[in-house]
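First comes the structure, then the notes that go with it.
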Amino acid sequence: MEGKIIVVTSGKGGVGKTTTTSAIGAALALEGNRVAIVDMDIGLRNLDVVMGLENRIVFNIVDVVQQKCKIEQAAIRDRRIENLFLIPASQSDNKDVLSTAGIERVAEDLRKQFDYIIMDSPAGIERGFENSIVGASEALVVCTPDVSAVRDADRVIGILYSRSLTPKLIVNRIEPGRVKRGEMLSHEDVMDVLAIELAGLVPMDDKVLISSNTGTPLVLQNDSKAGQAFKRIARRLNGEADLPFEAPTDRSSMWGKISRTFGLR
Amino acid sequence: MINFESVAPVKLKGVGKGFWITLDPSQPEKILICEIDKLIRKLKHLAVNADLVLDVGDAKGHDALIEQIKIYLRENFELGHIGTSPVKRSVPLERIRQRDLSSGWNQHRSDVLMLRGRVRSGQAINAKKHLVITGDVNPGAELIAGGDVIVLGKLFGKVHAGYPDREDAIIFALGFNPSHVKIGSISALGSEGGGGSSSEFASVENNKIIIKDYMKASPFRRLPWPEAI
Ligand SMILES: Nc1ncnc2c1ncn2[C@@H]1O[C@H](COP(=O)(O)OP(=O)(O)O)[C@@H](O)[C@H]1O
Ligand SMILES: [Mg+2]
């Protein structure tokens with residue numbers, strides 16, 4: 001069986017692509033899949049930091065595409081989660097050196113070696129974004145509940161459709177209290193405009209920042225609402241398409257219930 | 001005697017108990033009034049209480065001119081009723097309508113662009129003539145049509161109907177909420193986040209864009225016959 005390449009996109013920066021990539025990659029590995037996380041945000045690499053693997057980088061994705069090394073040499077094995085690998089971005093902004101043919105070749109190799117390949121993409125719709133969708137078979141669009149993120153996500157969705165990719169939506173950083181007070185769009189508002197299949201709803205959660213600062217996987221924290229939400233998204237991607245959606249609420253007791261149900265595996 | 005065969009801009013003949021004035025509406029109003037005045041003065045007492053018909057033939061859109069002439073005549077003569085010629089039946093129009101009726105309008109070829117689905121931010125749609133979209137138009141999308149724009153869904157984004165200069169075009173949406181509206185060369189900004197839940201349309205009135213409730217003021221309800229476009 002060939003693996004799937006899932007690209008994580010958004011249009012706007014800072015909405016949670018990198019967080020999503022690492023969390024979903026980790027969750028899919030915890031489900032028993034062999035997973036590669038590929039940082040296609042070239043020049044701004046930060047997946048290695050979020051995953052706490054920055055000290056072990058030798059080669060990067062640009063080296064792989066340019067055939068300076070093999071995939072096995074560039075892929076860094078995660079310390080805590082088995083079967084999880086990171087192929088980091090290069091630090092220098094040399095995305096223009098990546099050829100489409102080269103990326104396609106690497107994508108093919110990755111599909112042979114892994115069950116899931118999750119690609120983090122840069123903000124915007126320029127060359128770096130184009131590079132990140134070249135080999136993808138599926139796409140996730142991350143959007144926060146604000147007007148400008150929705151506008152950019154909509155643009156990206158149009159571009160993905162034009163490449164015959166059918167994206168799924170993740171609404172991230174939902175703050176139920178602020179939605180209730182009318183200060184923020186609701187996830188329904190976002191879904192109403194973007195009108196694509198939902199992959200999941202992720203609440204605002206302080207644990208996200210703590211997790212990336214300490215390099216500990218979010219999905220290993222059972223008290224993290226966002227971590228649990230990402231785990232549910234991974235289960236949906238991994239075949240449990242009918243797993244119901246839980247809308248974030250500001251009553252912590254509700255979330256308590258949910259995380260008990262879907263907590264330790 | 002009156003010369004019936006003259007090529008003058010105004011001709012007069014007697015009909016029944018009144019007179020029929022045929023006039024060429026392409027002539028300046030002053031000349032027309034002056035000529036009519038001359039003719040009626042020649043009639044002397046025959047004109048008193050006589051009914052009068054003002055006839056511009058097949059020409060259309062001269063209501064203002066006719067009105068001016070009527071005012072002048074009422075002020076200067078003691079005529080009876082002043083009317084206009086009954087609208088003549090148009091032979092070509094009748095032929096077209098008969099054909100449409102018998103063939104069920106099926107012989108028309110149309111430039112109307114009809115799309116279904118969602119139009120997204122950054123997408124631009126150009127229609128030569130009318131544009132019909134069954135679906136929503138998202139913020140950041142752009143529609144340009146040579147004729148009308150009809151959206152059977154929510155309309156956000158920028159819309160230009162009647163491109164480049166047709167000010168008789170309209171923009172209709174079930175949920176009317178565009179950020180920018182332009183009809184012909186006249187434009188207006190939409191109200192941010194306002195309304196949008198009722199079916200409204202935009203049209204040009206007195207060089208301004210006016211938004212109206214479609215169910216109350218549809219511009220098409222006045223058309224008595226289904227016209228192919
Ligand atoms: N659900 C969340 N709750 C709280 N903070 C979040 C959440 N998702 C992302 N963040 C924070 O938002 C910032 C941007 O996230 P990141 O994943 O780097 O976005 P991107 O890769 O799209 O630029 C980071 O500081 C991250 O910790
Ligand atoms: Mg990022």
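In what follows, chains are A, B, ... by sequence order, proteins preceding strands, each numbered from 1. The model shown is predicted, which means the values in this text are computed figures rather than measured ones.
Of the possible donor and acceptor atoms, none in the side chain of B/Ser179 sits under 3.5 Å from a partner among the backbone N and O of B/Gly190. Panel note: side chain A/Asp39, backbone A/Arg45; no donor-acceptor pair is recorded below 3.5 Å.
When the shell of 6.0 Å around OH of B/Tyr163 is examined, it contains 12 or fewer heavy atoms from other residues, nucleotides or ligands. In this structure, B/Asn106 places its CG atom where more than 12 heavy-atom neighbours from other residues, nucleotides or ligands lie under 6.0 Å away. Residue B/Lys128 qualifies as open at atom NZ: its count of foreign heavy atoms under 6.0 Å is 12 or below. The neighbour count for A/Arg105 CZ, taken as heavy atoms of other residues, nucleotides or ligands under 6.0 Å away, is above 12.
The pair A/Glu130-A/Arg163 meets the salt-bridge criterion, with a side-chain N (NZ, NE, NH1 or NH2) lying under 4.0 Å from an Asp/Glu carboxylate O. Comment: A/Arg236 does not engage A/Glu197 in a salt bridge, judged by the lack of any side-chain N to carboxylate O separation of less than 4.0 angstrom.
Of the listed residues (A/Ala195, A/Ala153, A/Ser162), the one with the most heavy-atom contacts under 4.5 Å to chain B is A/Ala195. Each of A/Leu194, A/Ile159, A/Ile125 has some count of heavy-atom pairs under 4.5 Å with chain B, and the biggest count is that of A/Leu194.
Along residues 13-25 of chain A, no residue comes nearer than 4.5 angstrom to chain B, judged on non-hydrogen atoms. Of residues 164-173 of chain A, not one residue has a non-hydrogen atom less than 4.5 Å from any non-hydrogen atom of chain B.
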Run the numbers on A/Leu110 and A/Ile87 for side-chain contact (heavy atoms from CB on, under 4.5 Å), then give the verdict. CA-CA 11 Å; A/Leu110 284 167; A/Ile87 302 177; 3.7 Å; yes

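Side chains of B/Val204 and B/Asp168 form no contact here, defined as non-hydrogen atoms less than 4.5 Å apart.
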